[in-house]
Amino acid sequence: MSSNPPPPPLPVPQPESERYWHGLRNREIWLRHCESCHDTYFYPRDICASCFSRDTSWRRSAGRGVLHAFVIVHRPPAPAFSSRVPYVAGLVQLEGSARIPTNLVDVPPDPGHVRIGMALEPVFEDVGPDTTLLKFRPVR
Amino acid sequence: MSARDIAIVGVAESDEIGKVPHKSALQHHCEAAWNALDDAGLDKREVDGLFTARYSPLTTGEYMGIRPRYSDGTWIGGGSFESHVMHAVAAIRANYCEVALITHGQTGRSARRPPLTDRFGVGHGNVFDSPDPNQPHLDYESPYGLVGAPVMYGLSCSRYMHEFGETRTREGLAEIAVATRAWAGLNPKALVREAMSVEEYHASRWIAWPFRQLDCCLVTDAGGAVVVTTVERARDCRKAPVWVLGAAESHDHGMISQMPDLTRLVAEETGPRALGSAGVKHADVDLAMLYDAFTYTPLLSLEALGFCKRGEAPDFVRGQRTGPGGSFPMNTNGGGLSYTHTGMYGIFLIIEAVRQLRVECEARQLSNCRIALVNGLGGLLSSASTLVLAAD
């Protein structure tokens, strides 16, 4: 019986989200933008969920944003995360753009150091041969 | 909608609830159904409407030997059962069925294999997972450890604390934890009944800041069932009918990162809609049964439903107001926090409301309970299903 817990799941790009995931591999953040209502949204879908227009494009984001909400995880929610606790899970509000689920890194995982509203910048983390995750750290 | 034409005539739990390693989930469904039909004095062969969440009704219908002419598999999380009551009312009024059976059964604690949607030992895909492999939660949230209800609901609570004050919110959560446990002390079927002190609450270990252990509901094995029928059929049932005066439902997202505003529930719509259609005002409500997956959810629900203004719930619950002897009784069964919570708790809200309205609650019985508001929540604060029930 293996004592190593399974790794966290890797995302599986869907046809509609391949540009997003491949973009992260290239250290780029590409998000869907609606040409009708001008909403830049997450997660990628071909049809805008706000106005239902099919006139959507891809726009590159600089990835600057602020922390919108966070949790400091102490009890691992699954065996895959048992070696990671404590860690910070959160939502980042990108400037003029979408809200993204993510982790905060390079910050002590306690409420004294993590504040809603803090300015964040992107960190690209390779987690597999073809997979990169988008995480964030406080702007230095 | 405020006509007294559709009634709940039978409610029951499964035979054993809590830590029950020797019963399957479907057994819980079936025992609860048997007990609820017995409570109503109805025969299983009279059931012609079947309502099931999480399982397809094909499976529960097969297990119980029911062949419905109205079938509903609405699955919007733990509040699906309140929606099932609403849908039963509509189906009965449309003459699509006459005796509606809503069942629940889940071995949240003791299941013998992990959910089939488990991926890489992470646990279920999402709290409302479906079998299709295209699951946004697994791609956009799970890889970041944004997994499990405490982490996901905690995001909303962090935002609430930011907007309305961390210390006073924390005190409000403690009030709810202690008050709900006090009700559990009066419920022989509650799993955890020992009185909780405020000190004990504040000392309980962190699960996912801002949630402590005592902010989080239990994980148990249990089943529950509810039987709904017409006023004509109700006259021949064993007990006084409980009238469904009003009902409303909505949902505005699935996974937590897609919640439009992290501190606003769609209950802001469903509460007024259910009360309005019932012709009932907030001040008329004698009992509030508000889904407590966490201490935080009733706090937010009180505001969303309109019992107090946004940001004021911590003041509203102060001084054990929602506990035994308090002026706003809430979750008198001991809640998901201390009575039972299988993973989907909403059916138990209905069961307790009906029992209070029928004056069956013995040590925890409210005096003069005539109107109950039942608010089911589902998913990741995604859905709200609100019922207004009245004693005969």
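Quick note on labels: first sequence line is chain A, next is B, and so on, each numbered from 1. This structure is a prediction, so every number in the text was calculated from the model and none was measured.
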Trainee: Main chain of B/Gly145, side chain of A/Arg84: is a donor-acceptor contact present, judged purely on distance under 3.5 Å?
Mentor: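 Absent.
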Trainee: Go through the atoms of A/Tyr20 and report whether side chain, backbone, both or neither lie under 4.5 Å from a heavy atom of chain B.
Mentor: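 Side chain of A/Tyr20 only, per the 4.5 Å heavy-atom cut-off to chain B.
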Trainee: Highest number of heavy-atom pairs under 4.5 Å with chain A: which of B/Gln213, B/His162, B/Met161?
Mentor: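 Option with the greatest count: B/His162.
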Trainee: Taking heavy atoms only and a threshold strictly under 4.5 Å, list by residue number the residues of residues 116-140 of chain A that touch chain B; give 'none' if the list is empty.
Mentor: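 If one takes a 4.5 Å heavy-atom cut-off, the residues of residues 116-140 of chain A near chain B are A/Ile116, A/Leu133, A/Leu134, A/Lys135.
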Trainee: Under the salt bridge (charged side-chain N to carboxylate O under 4.0 Å, His left out) rule, collect the residues that match up with B/Glu269, sequence neighbours excluded.
Mentor: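 B/Glu269: salt bridge (charged side-chain N to carboxylate O under 4.0 Å, His left out) contacts with B/Arg273.
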Trainee: What is the distance from atom CZ of A/Arg99 to atom CG of B/Leu262, rounded to the nearest 0.5 Å?
Mentor: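 Between A/Arg99 CZ and B/Leu262 CG, I get 5.0 Å after rounding to 0.5 Å.
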Trainee: Just how far is it from atom OH of A/Tyr43 to atom OG of B/Ser257, taken to the nearest 0.5 Å?
Mentor: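 With rounding to 0.5 Å, OH (A/Tyr43) is 8.5 Å from OG (B/Ser257).
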Trainee: Is it the backbone or the side chain of B/Gln258 that comes under 4.5 Å from a heavy atom of chain A, or both, or neither?
Mentor: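 Both the backbone and the side chain of B/Gln258 come within 4.5 Å of chain A.
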Trainee: Is the distance between the ring centroids of B/Tyr144 and A/Tyr87 less than 6.0 Å?
Mentor: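 Judged by ring-centre distance (under 6.0 Å), B/Tyr144 and A/Tyr87 do not meet the cut-off.
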Trainee: Report yes if some heavy atom in the side chain of B/Tyr140 is under 4.5 Å from a heavy atom in the side chain of A/Pro44; otherwise report no.
Mentor: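 SC-SC contact between B/Tyr140 and A/Pro44 confirmed.
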Trainee: For chain B, which residues from residues 54-75 of chain A have at least one heavy atom closer than 4.5 Å to it?
Mentor: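 Near chain B, by residue number: A/His68, A/Ala69, A/Phe70, A/Val71, A/Ile72, A/Val73, A/His74, A/Arg75.
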Trainee: Minimum heavy-atom separation for B/Leu146 to A/Gly90, with atom names?
Mentor: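 It is CD1-O, 4.2 Å.
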Trainee: Given heavy-atom pairs under 4.5 angstrom as the criterion, report whether the side chain, backbone, both or neither of A/Arg115 touches chain B.
Mentor: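 Neither part.
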Trainee: Looking only at heavy atoms, what is the nearest atom pair of A/Ala89 and B/Val151, with distance?
Mentor: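 So the two residues come closest at CB-CG1, 4.2 Å.
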Trainee: Rounded to the nearest 0.5 Å, how far apart are CG of A/Leu91 and CE of B/Met259?
Mentor: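 Answer rounded to 0.5 Å: 11.0 Å.
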Trainee: Can you list the residues of residues 21-37 of chain A that sit under 4.5 Å from chain B, counting heavy atoms only?
Mentor: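 A/Trp21, listed by number.
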Trainee: Using a 4.5 Å cut-off on heavy atoms from C-beta on, say whether the side chain of B/Pro143 contacts that of A/Pro8.
Mentor: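 No; the side chains remain at least 4.5 Å from each other.
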Trainee: Taking side chain as everything from C-beta outward and backbone as N, CA, C, O, which of these in B/Pro136 sits under 4.5 Å from a heavy atom of chain A? Side chain, backbone, both or neither.
Mentor: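 Answer is side chain: those atoms of B/Pro136 sit under 4.5 Å from chain A.
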